[in-house]
Amino acid sequence: MSHPQSPGLGAATLAIHSQQQKDAFGSPHMPIYDTTTFTYPDTAALLEVTEGHRRAPLYSRYGHNPTLYALEETLAALEEAEVAWAFSSGMAAISTLFLSHGQSGIVCLGEVYGGTLSLLEQQLPELGINTHFLLEGHDPDALENLLESGVRLVYLETPTNPTLRLVDIAAVAEQAHRHGALVAVDSTFATPINQQPLTLGADIVLHSATKYLGGHSDLTAGVVMGSAKLLDPMWPWRQNLGCALSPQIASLLSRSLRTLSLRVQRHNTSALAIAETMSGHPAIARVLYPGLASHPGHHLACRQMRGFGGMLTLEFVGGRNAAAKVADQLTLFAIAPSLGGAESLVTQPCTTSHADLSAEERKRRGITDGMLRLSVGLEDVEDLLNDLHHAITTLEES
Ligand code: PLP
């Protein structure tokens with residue numbers, strides 16, 4: 001859905017006031033239209049809609065549903081996008097993007113989520129789509145060669161998982177646009193509160209809304225945003241793959257967005273406090289967090305992000321066993337492979353998200369066995385710090 005220009009309004013206000021769709025009874029939020037289809041008084045009225053003369057709800061699988069429209073208006077406002085489309089998962093959004101825009105080849109910059117990597121490495125090549133990988137992130141010479149060879153979709157995540165590396169969105173967009181290529185950014189880790197890729201020059205932004213946008217570990221959803229012209233080719237794919245978001249989950253996600261700004265501010269301040277406190281701890285070799293001046297991407301983070309997010313990675317001096325021991329001793333950080341919820345979570349990449357890679361491959365990607373990735377939740381930060389200190393003390397006892 002397109003949204004009216006709202007110059008000057010902040011993200012917290014936009015999250016609450018961007019819905020133009022209203023129900024007939026003045027509900028302050030769009031109720032759940034728990035309906036498969038929408039009826040029309042006569043054939044002429046139906047034709048007006050099916051022939052595209054008037055936009056109105058028709059069939060929920062098509063994404064034609066007022067609850068979805070209302071959600072999409074809010075999402076578009078938050079990313080300053082013309083259009084947002086909601087999907088049944090982050091992977092549904094990402095695969096629909098690749099199928100509709102990837103025919104001339106896709107280049108993936110840096111580290112990406114495992115499901116995305118598997119699509120790019122295995123399923124898409126099986127369909128004849130050429131995919132390329134520049135593991136170092138933005139390598140201008142290598143990217144130039146690929147763009148010259150005709151690759152037309154550049155895909156990246158920033159910050160990345162689990163090393164929290166950054167990619168310079170504006171620089172990639174400038175280079176890609178000289179060749180007429182599109183840049184799509186998975187901005188899941190950042191959220192629109194901390195980073196707006198479209199304002200930096202990207203063409204398309206995606207989120208796994210399962211994470212921070214949902215924010216409570218109770219829904220699965222995805223979203224793609226950009227101009228109507230660029231999203232149009234995705235329309236038949238979303239319709240015919242049948243992966244539009246359900247109205248029930250759209251309503252839950254709309255509710256979550258109303259507190260997104262508050263939640264993200266809290267994630268930002270708590271993660272920064274933990275990163276600063278853990279830096280220099282004798283049991284910890286490195287703290288990876290873009291908000292630390294020691295982070296190699298800190299200057300870029302200051303340029304392209306407004307906050308540094310709730311994700312950080314600790315690397316333990318004692319390696320794999322020490323990291324596992326700390327994870328096992330934590331009580332407020334639960335061991336689980338997701339992120340972005342109210343509750344704090346911890347994972348050891350070498351035993352979970354990156355367990356399928358060889359030790360050599362993990363090393364190539366800068367992922368060490370002693371790393372623990374933290375998704376810092378909304379608990380009191382003093383309690384989270386106490387939990388970490390207590391868990392780390394057990395290393396000294398052994
Ligand atoms: N993108 C990122 C950065 C992710 O971390 C994930 C999942 O963890 C996805 C996409 C896929 O999202 P979903 O699980 O909603 O399909």
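We count residues from 1, following the sequence as given. Remember, it's 1-based here, ligands and their atoms both numbered in the order they're listed.
- Atom numbering of ligand 1 starts at 1 in the shown order; those under 4.0 Å from a heavy atom of Thr210 are 13 (P), 15 (O).
- Interface atoms of ligand 1 facing Gly90, defined by a heavy-atom separation under 4.0 Å, are 12 (O), 13 (P), 15 (O), 16 (O).
- With Tyr212 as the aromatic partner, Arg263 does not meet the cation-pi criteria of under 6.0 angstrom to the ring centre and within 45 degrees of the ring axis.
- Looking at heavy atoms from C-beta onward, Thr163 lies out of side-chain contact with Thr313 at the 4.5 angstrom threshold.
- For ligand 1, the polar-atom distance check against Thr220 finds no nitrogen or oxygen pair separated by under 3.5 Å.
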Could you walk me through whether Trp85 and His64 pass ring pair (Phe, Tyr, Trp, His ring centres under 6.0 Å), step by step? CA-CA 11 Å; Trp85 288 350; His64 289 311; 9.8 Å; no
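- Atom 5 (O) of ligand 1 has its closest protein heavy atom at Tyr113 CD1, 3.8 Å.
- There is no path of hydrophobic side-chain contacts, each under 4.5 Å, that joins Val83 to Val185.
- Salt-bridge annotation for Glu361 and Arg364: present, with a side-chain N of the basic residue lying under 4.0 Å from a carboxylate O of the acidic one.
- Heavy atoms of Ala221 found under 4.0 angstrom from ligand 1 belong exclusively to the backbone.
- If you check the side chains of His177 and Asp203, you find a donor sitting under 3.5 Å from an acceptor.
- Annotation: cation-pi geometry not satisfied between Arg238 and Tyr62 (NZ/CZ under 6.0 angstrom from ring centroid, within 45° of ring axis).
- Ligand 1 lies out of reach of His207, whose nearest heavy atom is not under 4.0 Å from it.
- Under the 4.5 Å side-chain heavy-atom criterion for Ile, Leu, Val, Met, Phe, Trp and Tyr, Leu384 and Leu374 are members of the same hydrophobic cluster.
- The nearest protein atom to atom 12 (O) of ligand 1, hydrogens excluded, is given as Ser208 OG, 3.0 Å; this is a heavy-atom distance.
- Taking 4.0 Å as the cut-off between side-chain N and carboxylate O, Arg365 and Glu111 count as a salt-bridged pair.
- Ligand 1 lies nowhere less than 4.0 angstrom from a heavy atom belonging to Asn161.
- Of the N or O atoms in Glu157, none lie within a sub-3.5 Å distance of an N or O in ligand 1.
- For ligand 1, the atoms closer than 4.0 angstrom to any heavy atom of Ile94 are 10 (C).
- Taking any N or O of Thr116, backbone or side chain, none lies under 3.5 Å from an N or O belonging to ligand 1.
- For atom 16 (O) of ligand 1, the closest heavy atom belonging to the protein is Met91 N, 2.8 Å.
- Protein heavy atom nearest atom 10 (C) of ligand 1, with residue, atom name and distance: Asp186 OD2, 3.5 Å.
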